[in-house]
Peer 1: 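Pasting in a structure now, in structure tokens, and then I'll have a few things to ask.
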Amino acid sequence: MDPALGPPEAMAAKRDELTPMMAQYHDLCARYDEAIVLFQVGDFYETFCGAAERTARLLEIALTSREDSTGEYPMAGIPIDNAESYIEELLEAGYRVAVADQVEEPGESAGVVERAVTRVITPGTLTEDELLASDDNNFVAAIARERAARTGDDELALALLDVSTGDFLATSSTARESIADEVSRFAPAEAVVGPDAPADLVPENCMVTPYDEAAFDRDSAGAKLSTYFRNPDALLASDAEIRACGALLSYAEYVRGGTHEGESGETSDDDTDEAPNSEGGARLEYLTHLTRYDPREYLLLDAVALRSLELFEPRAVHGREDATLVGVLDETASALGGRKLRDWLRRPLLEPDRIEARLDAVAELTSAVRTRERLHERLRDVYDLERLIGRISRERANARDLRSLRDTLAVVPDVREELADAECDRLRELSADLDPLTAVRELIDDAIVADPPIEITEGGVIAEGYDGDLDELRATARDGKQWIDDLEARERDRTGIDSLKVGYNSVHGYYIEVTNPNLDAVPEDYQRRQTLKNSERFVTPELKEREDRIVGAEERADEREYELFRDVRREIAAEVERVQGLAEALATLDALVSLASAAAQYDYCRPEILERDGSQTLEIEGGRHPVVERTQESFVPNDARFTDDRRLAVITGPNMSGKSTYMRQVAQIVLLAQVGSFVPARAARITPVDRIFTRVGASDDIAGGRSTFMVEMDELATILREADEHSLVLLDEVGRGTSTADGMAIAQAITEHLHDEVGATTLFATHHHPLTELTEDLAAAFTLHFEVDQTDGEVVFHHEIAPGAATGSYGVEVATAAGVPDPVVDRSRELVADAAEEDLETDDTSAADSSGDPVPEPTESAPEAATADGGDVPTDVAAELRALDLAHLTPVEALTELDRLKQLLEE
Ligand code: ADP
Ligand code: MG
């Protein structure tokens, strides 16, 4: 147990003797024992005991102590004024934070000030703008497991919620992997895990939160859901989904901490407008949509594919931040559009119609240069409406937020105007969806001053003319002040004292000051208030009365303003769904404009999307790698051509010739096409694929305690089990992590299986040159290679793909170019020559009868390509290898099997 969490032991032992305040702290710690409790004492949030020691160290703040009759307790506090940055550090250190605020003014009631947890801050449920990335969602997930009564299968359901925007999604599957893939797709920051749901579905960087099991109960989850959605059973597909969604809602309400959320000053006077629900949490009024989806509606990308295709994170550890697909494509003008674009990249489409609808819009915006630029310009003025309306709905918005909403609404008519002549359906729909919410805009224009202060309780927020009562109060205050402004001149006249002054200070209020030499001339009605060294200060009964009236009017005006402000805010909150609809339309438009801008800027072409009629075509003319081409001076375009009878390519070529780049660019072009984006190519014809699998490079998982080879086999097993003829499979240097013979054997068996059984469109880069020969026996397989020139021991890379197999690996030449000392290079040459001679003796038959594609020149083969025993594998071993059902082997079984086959060979 972490000593920073839960009720401090030292206090627990003496709970009943503690001072009331400390008892309060103790009890809140007991109630929120998963979080560090920040306990408001005046202007500070204090922590005590174990929590104090921990926060003092983490936040580098002073550790002091507090004494009461029961003893002395360590104490550490952070100033409330900049609590956010400290809270951020606590979150980063892996803690949840429960903020316990004073919810009544000191002295309001007898005894200790009432405190309550007003919010629990956790990584997955943040709403604080300062703690959130603006252009990405921040999800909290819930996972529930249910045994289907009928089939006996375990079903897993996943619910995802972005508390800051109200995005709410749900899905389920009987396949564990499928849910794991969805989890990595949305990368939640936190997961609430139901009873007996497998916690290992949650990736390492995601906080696992145990939560009240009762919330996952079918009935209570269903009941919770129906407080938000009229008919949850119709909305969702299964009990598991209902349980996940209901529990997640209950958790989201719990972290909002119930009735007391709100800005300073409003906590005590009005508890009625945010009624607590049964569990004491507060409803999320802005949560109006729940989207149930099937993972099979989208192009599936598992965690490995997301990483190796560099969608959101650079692959190289020291890679440039922006060396990602999203870094290249993101030209969005608003946070809304940024999030929408990321969502599209996360979930590329499958249905040609839906893809074409986006492509039509991108095409139109690509050619309409002026319109596109003007739209981009206008969209820059769009604020983050989703989070804005969330704040308005949670009663956390200030007057500036309302003005931001107003400024965004002011953009809408212009944007509609730009789309007036739009031709494609998608843009016309969007134009129709752009709801200008004129009444809301006029309300804000009428009610809120143009440049309001941040504070909403101190006046200056409501515009003149909006409210008669307020105007009257202000007029009273103004008149009073005018009277005082004129007072000086009047009194000088009346008393004949030219140096008489009227002044104000916060202790005594208004006064009339007369210097000592003139005190004789002071009239009867002056009452002395204060004596200074050279002067006396006076008031008159009339001045006092005027002053009281001013102060009274000002106070009442401030109160009235606050009341009016909250009415306005509530009136706007009632329009939450319309504002969300507008946000959705603006987000979509921004994402489309962004895709068009990238297309125009980088010279992309519109891909032709083919119907999914069972056959699979992938043709790219002059394709480029969207990220690599941005990071270097020149890039050599390459073609790709795959059809049903040409679906497996074995790609060879020396290191650094461009194999990996080529394979990834093919996959990225397919992915972009399915996003509805133009693609970096001269032309492309693509049948949408249902999944992209990758096994690219050696991604060591040393931290995870698994060997590279094990990881590789594990990923391979997934591919072989789950790929089908509509998948795109990239294999890069598979079989590296073991001996050459093993590696070759595995590579060959995989190739055959993918070709014969799976039928996926496959690109297989390999250093196992004999694999190229294998393609001759496989009807739909073919070879590609990257050729290099070699002059005077210098290697020149052309990065040009060509039919056929490579003639060598040039490893030694690359070593020379890299500056490996001459003696080592010379010795390597000798060894290569030796190996080639041995090769000639053993490896004859297969090379002799090869026609078609060129095969490796034996004399130039690198040592690794020439397996010592490659030529005379006993037929029974070969047969056994062929018969191996790789799709149903676990990695361990595969290793055991390999070991047995090896023994067989050696016998
Ligand atoms: P391989 O996988 O064959 O070892 P890579 O694909 O990793 O080679 O490519 C090595 C480097 O060559 C890349 O980092 C890139 O800088 C460059 N490169 C690859 N393909 C091209 C290309 N088509 N045009 C220009 N440069 C390329
Ligand atoms: Mg490579």
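The structure presented is a predicted model; accordingly, all values stated were derived computationally and were not measured. All ligand and atom numbering here is 1-based and tracks the order in the structure.
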Peer 1: Nearest to atom 22 (C) of ligand 1 by heavy atom, E633, H625, H799, R624: which?
Peer 2: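 Among E633, H625, H799, R624, the closest heavy atom to atom 22 (C) of ligand 1 belongs to H799.
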
Peer 1: Working to the nearest 0.5 Å, report the span between OG1 of T775 and NE2 of H755.
Peer 2: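 Between T775 OG1 and H755 NE2, I get 9.5 Å after rounding to 0.5 Å.
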
Peer 1: Going by the atom numbers of ligand 1, which of them fall below 4.0 Å from some non-hydrogen atom of Q632?
Peer 2: 15 (C), 16 (O), 25 (C), 26 (N), 27 (C)

Peer 1: List ligand 1 atoms under 4.0 Å from N655, heavy atoms only on the residue side.
Peer 2: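 Near N655, the atoms of ligand 1 are 4 (O).
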
Peer 1: Please step through side chain to side chain contact (heavy atoms under 4.5 Å, CB included) for the pair L201 and R176, ending with a clear verdict.
Peer 2: CA-CA 8 Å; L201 275 176; R176 229 189 90 83; 4.0 Å; yes

Peer 1: State whether the shortest distance between N or O atoms of F635 and N or O atoms of ligand 1 falls below 3.5 angstrom.
Peer 2: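 Between F635 and ligand 1 (N or O atoms, distance only) the closest approach is not under 3.5 Å.
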
Peer 1: With R342 as reference, evaluate T332, D330, N137 under the side-chain hydrogen bond (donor to acceptor under 3.5 Å, both in side chains) test and give the passing residue.
Peer 2: D330

Peer 1: Is there a donor-acceptor contact under 3.5 Å linking the side chains of S178 and D181?
Peer 2: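 The criterion, which ignores hydrogens and geometry beyond distance, is not satisfied for D181 and S178.
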
Peer 1: For atom 9 (O) of ligand 1, what's the nearest protein heavy-atom neighbour? Residue, atom name and distance, please.
Peer 2: T661 OG1, 3.4 Å

Peer 1: If every non-hydrogen atom of Y662 is compared with every non-hydrogen atom of F786, which pair is closest and at what distance?
Peer 2: CB-CZ, 3.7 Å

Peer 1: Identify whether the distance between the nearest side-chain nitrogen and carboxylate oxygen of R339 and D343 falls below 4.0 Å.
Peer 2: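 No, no charged N to carboxylate O under 4.0 Å.
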
Peer 1: Report the relative orientation of the aromatic rings in F642 and F782; use parallel for angles under 30°, tilted for 30 to 60°, perpendicular for over 60°.
Peer 2: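 The rings of F642 and F782 sit tilted, inter-plane angle from 30° to 60°.
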
Peer 1: Just going by heavy-atom distances, which of M663, E733, M656, K659 is nearest to atom 4 (O) of ligand 1?
Peer 2: M656

Peer 1: Does CZ belonging to R900 count more than 12 external heavy atoms closer than 6.0 Å?
Peer 2: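 Enclosed: over 12 neighbouring heavy atoms sit under 6.0 Å from CZ of R900.
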
Peer 1: If I take every N, O or S atom of T661, is at least one of them less than 2.8 Å from the Mg ion (ligand 2)?
Peer 2: no

Peer 1: Does some non-hydrogen atom of the protein lie less than 4.0 angstrom from atom 14 (O) of ligand 1?
Peer 2: no

Peer 1: Under 4.0 Å from a heavy atom of P654: which atoms of ligand 1 are those, numbered in the order shown and with their elements?
Peer 2: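 Matching atoms, with element in brackets: 3 (O).
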
Peer 1: May I ask you to identify the nearest protein heavy atom to atom 24 (N) of ligand 1, giving residue, atom name and distance to one decimal place in Å?
Peer 2: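 Looking at atom 24 (N) of ligand 1, the protein heavy atom closest to it is V636 N, 2.8 Å.
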
Peer 1: Look only at interatomic distance and state if G658 has a nitrogen or oxygen under 3.5 Å from any nitrogen or oxygen of ligand 1.
Peer 2: yes

Peer 1: Below 3.5 angstrom, do we get any N/O pair linking S634 and ligand 1?
Peer 2: no

Peer 1: Would Y298 and R346 satisfy side chain to side chain contact (heavy atoms under 4.5 Å, CB included), going step by step from the backbone distance to the final call?
Peer 2: CA-CA 9 Å; Y298 300 98; R346 253 195 295 273; over 6 Å; no

Peer 1: Taking the non-hydrogen atoms of S657, is any one of them nearer than 4.0 angstrom to ligand 1?
Peer 2: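 It does; at least one heavy atom falls under 4.0 Å.
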
Peer 1: Just to be sure I'm reading this right: ignoring hydrogens, which of A765, A806, S660 gets closest to atom 7 (O) of ligand 1? Compare them by their nearest heavy atoms.
Peer 2: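 The nearest heavy atom belongs to S660.
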
